[in-house]
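Shown next, in structure tokens, is the structure this report addresses.
Heavy atoms only: backbone and side chains are in, while hydrogens, waters and symmetry mates are out. Residue numbers run from 1 in the order of the sequence given.
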Amino acid sequence: IINKPFVFVTSQSGVREILEDKPEYFERNYEPFLAGLFEMNIAFVEGAAYDRIHELIKPVFSAHMLEKYREDITRITTQFLTELDLSSPFDLYQTMKQVVTEICIFLFVGIEKNDPIYNRS
């Protein structure tokens, strides 16, 4: 399922039943299942490690940074849509994947599409 389009349909009560009412499905709720997919990360730390990581990443979610992310996403999306060829049919999934990849690479690594390193093979 990873990196392939899929639809997961359920209800709030269905999710609650799986995550809360059936702990035998996941030894410690979802941690063993998700940790196997994503390795250990901030979602699974507890105690002092959680407190330390929380303090380290708190500035990333400040009002100033959230506004900067909004501006960056708007700029990248606007540029992408301006360059999009609407004169013929296109694959919406591939197109969305491309723009989201461009946004993530810029937000996480700071590299834009027009940077020579972006298209390096």
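- L56 and L66 are not part of a single hydrophobic cluster, where members link through side-chain heavy atoms under 4.5 Å apart.
- Between the side chain of Y69 and the main chain of F61, no donor-acceptor pair closer than 3.5 Å is present.
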Verify salt bridge (charged side-chain N to carboxylate O under 4.0 Å, His left out) between E71 and K68, making sure each step is shown before the conclusion. CA-CA 5 Å; E71 291 169 2; K68 182 179 177 326; over 6 Å; no

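- A salt bridge between E67 and R70 is present, with a side-chain N of the basic residue lying under 4.0 Å from a carboxylate O of the acidic one.
- Residue T101 holds its OG1 atom at 11.5 Å from CD1 of I76, rounded to the nearest 0.5 Å.
- Within 6.0 Å of atom OH in Y50, 12 or fewer heavy atoms from other residues, nucleotides or ligands are found, so the atom counts as exposed in its surroundings.
- At a threshold of 4.5 Å between non-hydrogen side-chain atoms, the residues I73 and L107 count as touching.
- For M65 against V60, the heavy-atom pair with the smallest separation is CB-O, 3.4 Å.
- For the pair D115 and I111, the tightest heavy-atom approach, listed with the atom from each and the gap, is CB-CG2, 3.8 Å.
- The cationic atom of R75 (NZ for Lys, CZ for Arg) lies less than 6.0 Å from the six-membered ring centre of F106 and within 45° of the ring axis.
- Scanning all heavy atoms of the two residues, the minimum distance from L84 to T95 falls at CD1-CG2, 3.9 Å.
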Audit row: Q98, Q94, side chain to side chain donor-acceptor pair (under 3.5 Å) steps and yes/no: CA-CA 6 Å; Q98 183 179 351; Q94 290 299 325; over 6 Å; no

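- One distance of note links CD of E112 with CD of E102; it measures 9.5 Å at 0.5 Å rounding.
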